[in-house]
Amino acid sequence: MPELPEVETTLRGISASILNTKIIQVNIRNPNLRWPIPNQLPQSLKQQHFTRIRRRAKYLLLSTTYGTLIIHLGMSGSLRIVPHNTPYDKHDHFELCFANNRALRLKDPRRFGAVLWTKDNIGKHHLLAHLGPEPLSPEFNADYLFQLSRSRKVNIKQFIMDSKVVVGIGNIYANEALFASGINPKRAAGRISRARYELLCQNARKILKEAIRQGGTTLRDFTGGDGKPGYFKQELQVYGRKNQPCIQCGHALKEIRLNNRSTVYCIHCQK
DNA sequence: ACGAAGCCCTGCAAGC
DNA sequence: TGCTTGCAGGGCTTCG
């Protein structure tokens with residue numbers, strides 16, 4: 001389940017193999033992702049090459065001279081670099097073959113992911129136009145969160161998982177950042193002090209950076225573009241640790257459902 | 001404007 | 001053993 005560190009790890013894993021290398025074949029094996037893969041994609045990409053590959057939120061943006069390929073991994077998606085003619089897995093839905101005998105493959109069992117194409121300025125694309133700041137950018141800071149949250153009644157966990165507030169903080173890292181900051185996930189966003197937002201910003205940044213450094217969190221079968229697993233899972237303090245002792249105080253961690261998302265926290269340490 | 005709920009989908013695990 | 005059920009959850013979309 002890719003969150004920002006997993007997407008960043010994927011970006012780093014695939015870039016060197018495909019940047020500035022000619023695309024010689026585009027294979028759409030199953031176009032039925034979240035939105036259909038555009039059927040004119042092969043003619044848009046064939047004989048072209050990616051001049052720039054970057055990430056915005058959890059979207060991977062692969063640009064040619066003429067437009068940008070937008071890839072989202074959804075819940076279960078992964079990208080891998082494989083040699084040409086590697087046998088397909090059941091859920092390999094999309095493939096770009098390059099002149100260097102490498103192929104970029106999208107595997108996505110649940111098909112929540114997306115592969116789209118745009119010729120427009122990427123910042124104006126409807127999926128990206130209204131996104132909040134990147135959590136690792138200076139725009140994501142205590143003043144920003146404090147101002148934005150005034151009079152908001154929504155709970156803090158949902159608030160920081162809202163991509164209009166800040167991008168890239170999914171369920172796992174929301175749980176972790178709130179634990180590290182001693183904030184109860186149920187607390188209304190509008191009733192948190194500036195000082196506590198400062199703590200939350202610092203912790204969110206620290207946790208995301210560390211997860212990126214370790215290659216993301218491997219749950220089930222996530223692997224980076226090089227096929228190596230992430231190692232962050234062993235660092236998780238609350239997520240997936242229901243009923244286990246709190247690392248701070250030893251109290252059994254509690255699991256609740258908040259906005260239909262699994263939420264694990266310590267009632268003793270998080271107020 | 002805000003907040004809550006619905007929906008897309010398959011694999012896996014728990015329960016009967 | 002084999003079935004059913006529930007959960008995983010990103011994020012757009014719809015409804016109140």
Side-chain angles (χ1 to χ4, degrees), chain A residues 1-11 29-37 55-61 70-79 88-94 106-116 118 124-135 145 147-178 185-191 204 208 211 216-223 230 232-233 236 238-243 255-265:
Chain A
M1 41 201 72
E3 295 206 32
L4 187 140
E6 290 72 32
V7 179
E8 183 66 28
T9 299
T10 298
L11 173 74
R29 303 187 69 240
N30 181 355
N32 303 312
L33 304 184
R34 174 166 197 148
W35 300 285
I37 299 177
R55 177 188 64 73
R56 170 72 174 114
K58 293 174 187 168
Y59 296 96
L60 290 166
L61 307 173
I70 303 172
I71 299 178
H72 196 288
L73 299 175
M75 282 290 306
S76 57
S78 59
L79 285 169
Y88 289 113
D89 284 344
K90 184 179 172 187
H91 298 293
D92 286 341
H93 304 313
F94 175 74
L106 173 69
K107 175 180 175 179
D108 187 4
R110 289 167 69 180
R111 292 189 275 120
F112 279 22
V115 176
L116 298 169
T118 182
K124 294 188 173 140
H125 191 274
H126 73 280
L127 289 174
L128 295 128
H130 307 290
L131 294 175
E134 290 285 329
L145 279 184
Q147 293 301 333
L148 194 63
S149 64
R150 290 313 88 185
S151 83
R152 292 288 300 268
K153 291 177 180 142
V154 68
N155 66 68
I156 183 61
K157 180 160 175 268
Q158 196 179 1
F159 185 69
I160 60 168
M161 287 176 70
D162 182 346
S163 63
K164 290 194 285 300
V165 175
V166 57
V167 300
I169 300 186
N171 197 41
I172 295 172
Y173 297 103
N175 277 298
E176 294 300 315
L178 289 169
K186 291 190 285 189
R187 177 170 288 274
R191 300 198 52 211
L208 288 170
T217 303
T218 294
L219 296 176
R220 297 194 176 86
D221 62 350
F222 170 80
T223 55
F232 196 68
K233 188 172 183 201
L236 297 177
V238 284
Y239 184 85
R241 295 195 62 244
K242 171 190 177 182
N243 295 334
E255 182 176 58
I256 58 169
R257 295 197 74 75
L258 215 47
N259 311 105
N260 215 24
R261 295 283 197 274
S262 168
T263 304
V264 187
Y265 71 110

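What you see below is based on every heavy atom in this structure, not just the backbone, and it leaves out hydrogens, waters and symmetry mates. Naming: A, B, ... by sequence-line order, numbering from 1 per chain.
In this structure, A:M75 atom CE and C:dC12 atom C1' are separated by 15 Å, rounded to whole Å. Atom CZ in A:R150 sits roughly 14 Å away from atom P in B:dC2 (whole-Å rounding). What separates CG of A:D162 from P of C:dC12 is a distance of 10 Å, to the nearest Å. Rounded to whole Å, the distance from NZ on A:K157 to P on C:dG11 is 14 Å. Distance CH2 (A:W35) to P (C:dG10): 15 Å, rounded to an integer number of Å. Atom-to-atom, NZ of A:K242 to P of B:dA14 comes out at 11 Å; the value is rounded to the nearest Å. Between the C1' atom of C:dG10 and the CZ atom of A:R110 lies a distance of 9 Å, rounded to the nearest Å. Atom CD1 of A:I70 and atom P of C:dG11 are 13 Å apart (whole Å).
No more than 12 heavy-atom neighbours from other residues, nucleotides or ligands sit within 6.0 angstrom of CZ on A:R191.
Rounded to the nearest 0.5 Å, atoms CZ (A:R152) and CZ (A:F159) are 5.5 Å apart. Atom-to-atom distance recorded for A:I160:CD1 and A:I156:CD1 is 5.5 Å, nearest 0.5 angstrom. To the nearest 0.5 Å, atoms CD1 (A:I70) and CG (A:L60) are separated by 10.5 Å.
Interface remark: the A:R261 side chain does form a donor-acceptor pair with the C:dG11 base, using a distance-only criterion of under 3.5 Å.
Proximity of A:R34 to the phosphate of C:dT13: no side-chain N or O atom is located under 4.0 Å from OP1 or OP2. Residue A:K90 has a polar side-chain atom (N or O) positioned under 4.0 Å from OP1 or OP2 of B:dG11. Dashed line: the shortest gap from a side-chain N or O of A:H91 to OP1 or OP2 of B:dG11 is under 4.0 Å. Regarding contacts with the backbone of B:dT10, a side-chain N or O of A:R111 is found under 4.0 angstrom from either OP1 or OP2. OP1 or OP2 of C:dG10 has not a single side-chain nitrogen or oxygen of A:Y173 nearer than 4.0 Å. At B:dG3, one or more side-chain N or O atoms of A:R152 fall inside 4.0 Å of OP1 or OP2 (strictly under the cut-off). Contact annotation: A:K58 reaches the phosphate of C:dG11 (side-chain N/O to OP1 or OP2, under 4.0 Å).
In summary, the side chains of A:E255 and A:S262 do present a donor paired with an acceptor at a separation below 3.5 Å, with no hydrogens or angles considered. Residues A:N155 and A:N259 bring a donor and an acceptor atom of their side chains to less than 3.5 Å of each other.
The separation of C:dC7 from B:dA5, taken at their P atoms, amounts to 15 Å, rounded to a whole angstrom.
Remark on DNA chain C: of its neighbouring residues A:L127 and A:F112, the 5'-side contact belongs to A:F112, judged by nearest-heavy-atom nucleotide.
A salt bridge does not link A:K58 with A:E6: none of the charged nitrogens is closer than 4.0 Å to a carboxylate oxygen.
Residue contacts for A:F159: at a heavy-atom cut-off of 4.0 Å it reaches no nucleic acid atom on any strand shown.
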Taking only Watson-Crick and G-U wobble pairs with both distances under 3.5 Å, what dot-bracket line describes DNA chain C, where [ ] shows pairs that cross earlier ones and | shows pairs with another strand?
-> .|||||||.|||||||
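By the side-chain contact (heavy atoms from CB on, under 4.5 Å) test, A:N243 is found to be paired with no residue, residues two or more places apart in sequence or in another chain being considered.
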